[in-house]
Amino acid sequence: MPRIAEVRAPAEPSSPEQRARHLRILRAAARMGAEKGLERVQMHEVAKEAGVAIATLYRYFPSKTHLFTAVMAEQVDRFEESLPQPKPGTAPEDAVADVLVLASRQLLSRPALAIAMLQSANSANAAAVAGTGRIDRTFRQIVLRTLGIREPTVMDVTLIRLLMQCWHGVLQSSLNGLSSVPDTESDIRIACRLLLAPRSNAARRSDA
């Protein structure tokens, strides 16, 4: 069966049965990505592992870029749901560092899958691959909530965007073997302090 063209808009699951099928595909792709890496994963193998027809797979995910970006988006959603509350007395920027270090440890525990997800998300066009924007929005919400910011300014959003870009670069260096895990975590903490200390609400929080 010919592949569905990538220019076709991916379908969205609407019924409980479709959502369950959609989730099976994502979980199957995550397992295979962790074992094989992006290049060796074949779409027909994902369909077989998930127990769906290949046409169903391509209807939801026209390419591996769509698929592994969606895998990352689903895992980010689950990460948000499982986040613990910041430790009492922790500075807001250090609380964000704790969150990103925790996320990094989870990603680096399955390096092949982490590479597959990051490569896909970083190469995806946000206008064509919905998961890209979803990942960014969810992480922005996590950081804002951890900082205690309910009404972010333009500067707040800019600083968080720069932090996310820095974090992705630090993760990539670790996955490429250019930095150790301790150095990776130290870099994340330094980046959080440098980029988030000047946020627009810092003075109000320190005066409270």
Side-chain angles (χ1 to χ4, degrees), residues 3-14 18-19 21-34 36-39 41-43 46-47 50 56-83 96 99-100 102-104 106-108 110-147 152 154 156-176 188 191-192 195:
R3 297 186 179 187
I4 297 173
E6 291 191 24
V7 294
R8 181 188 183 281
E12 289 292 334
S14 55
Q18 290 175 350
R19 284 191 287 271
R21 189 181 302 125
H22 190 269
L23 185 58
R24 286 205 311 274
I25 293 170
L26 294 178
R27 299 290 169 82
R31 288 193 298 271
M32 298 184 73
K36 298 184 174 186
L38 182 64
E39 296 302 322
V41 170
Q42 300 297 318
M43 295 291 269
V46 175
T56 299
L57 174 63
Y58 278 116
R59 185 163 68 248
Y60 292 129
F61 308 105
S63 70
K64 283 198 284 187
T65 296
H66 286 80
L67 177 57
F68 279 95
T69 299
V71 169
M72 185 169 184
E74 192 265 336
Q75 296 208 358
V76 169
D77 287 345
R78 283 198 288 154
F79 176 75
E80 181 183 26
E81 293 171 359
S82 66
L83 269 180
V96 172
V99 168
L100 294 184
L102 178 60
S104 300
Q106 293 185 11
L107 285 167
L108 296 175
R110 294 191 290 177
L113 177 59
I115 291 171
M117 293 189 298
L118 289 170
Q119 284 184 352
S120 298
N122 290 338
S123 65
N125 186 307
V129 184
T132 305
R134 183 172 143 205
I135 292 166
D136 288 345
R137 286 191 300 273
T138 303
F139 261 115
R140 184 167 63 245
Q141 290 168 4
I142 290 171
V143 174
L144 286 170
R145 187 169 62 248
T146 305
L147 289 171
V154 173
D156 292 328
V157 173
T158 298
L159 291 172
I160 292 171
R161 182 173 65 249
L162 291 172
L163 177 62
M164 291 298 100
Q165 292 168 353
C166 179
W167 180 51
H168 284 187
V170 171
L171 281 175
Q172 195 63 60
S173 292
S174 184
L175 289 165
N176 290 346
I188 290 170
C192 287
L195 287 168

Exercise. If every non-hydrogen atom of Ala30 is compared with every non-hydrogen atom of Gln75, which pair is closest and at what distance?
Worked result: CB-NE2, 3.8 Å

Exercise. Taking the side chain as C-beta and beyond, is there a heavy-atom pair between Asp136 and Met164 under 4.5 Å?
Worked result: no

For this session: Under the side chain to side chain donor-acceptor pair (under 3.5 Å) rule, collect the residues that match up with Arg31, sequence neighbours excluded.
Result: Glu49

For this session: Return the set of residues passing side chain to side chain contact (heavy atoms under 4.5 Å, CB included) with Ala121 (not counting sequence neighbours), or none when no residue passes.
Result: Thr69, Met72, Ile135

Exercise. Between Ala112 and Ala34, what is the shortest heavy-atom contact and its length?
Worked result: CB-O, 3.7 Å

Problem set entry | By side chain to side chain donor-acceptor pair (under 3.5 Å) - contacts of Glu74 (at least two apart) | Arg27, Arg78

Exercise. Within the distance-only criterion (no hydrogens, no angle test), does the side chain of Ser174 pair as donor or acceptor with the backbone N or O of Val170 below 3.5 angstrom?
Worked result: no

Exercise. What's the spacing between Leu195 CG and Ile160 CD1 if we round to 0.5 Å?
Worked result: 10.5 Å

Problem set entry | Evaluation steps, ring-ring contact (aromatic ring centres under 6.0 Å, His included), between Tyr58 and His66 | CA-CA 10 Å; Tyr58 278 116; His66 286 80; over 10 Å; no

Exercise. Partners of Ile115 by side chain to side chain contact (heavy atoms under 4.5 Å, CB included), sequence neighbours excluded?
Worked result: Gln119, Leu175

Seminar exercise, completed: Shortest non-hydrogen pair, Leu83 vs Leu102, comes out as CD2-CD2, 4.1 Å

Exercise. For residues 157-167, which residue pairs qualify under side chain to side chain donor-acceptor pair (under 3.5 Å), counting only residues two or more places apart or in two chains?
Worked result: Ser104-Trp167

Problem set entry | Which atom of Gly131 lies closest to which atom of Ala73, heavy atoms considered | O-CB, 4.1 Å

Seminar exercise, completed: The side chain to side chain donor-acceptor pair (under 3.5 Å) partners of Gln172 (sequence neighbours excluded) come to Asn176

For this session: Using side chain to side chain contact (heavy atoms under 4.5 Å, CB included) as the criterion, list what pairs up with Thr138, not counting sequence neighbours.
Result: Val76, Asp77, Glu80, Arg134, Ile142

For this session: Could I get the full list of side chain to side chain contact (heavy atoms under 4.5 Å, CB included) partners for Gln18, not counting sequence neighbours?
Result: Pro13, Ser14, Ser15, Arg21, Tyr60

Exercise. With Arg19, which residues qualify under side chain to side chain donor-acceptor pair (under 3.5 Å), at least two apart?
Worked result: none

Exercise. Is the closest side-chain heavy-atom distance between Leu163 and Val96 below 4.5 Å?
Worked result: yes

Exercise. How far apart are the closest heavy atoms of Cys192 and Leu100, and which atoms are they?
Worked result: SG-CD1, 3.9 Å

Problem set entry | Pairwise distance CG(Leu113) to NZ(Lys36) - rounded to 0.5 angstrom | 14.0 Å

Exercise. Among all residues two or more places apart in sequence or in another chain, which pass the ring pair (Phe, Tyr, Trp, His ring centres under 6.0 Å) test with Phe68?
Worked result: none

Exercise. Is there a side chain to side chain contact (heavy atoms under 4.5 Å, CB included) between Val99 and Val143 once you walk through the steps?
Worked result: CA-CA 8 Å; Val99 168; Val143 174; over 6 Å; no

Seminar exercise, completed: Applying salt bridge (Lys or Arg N to Asp or Glu O under 4.0 Å) to Arg24 and not counting sequence neighbours gives none

Exercise. Between Ile25 and Leu67, what is the shortest heavy-atom contact and its length?
Worked result: CG2-CD1, 3.8 Å

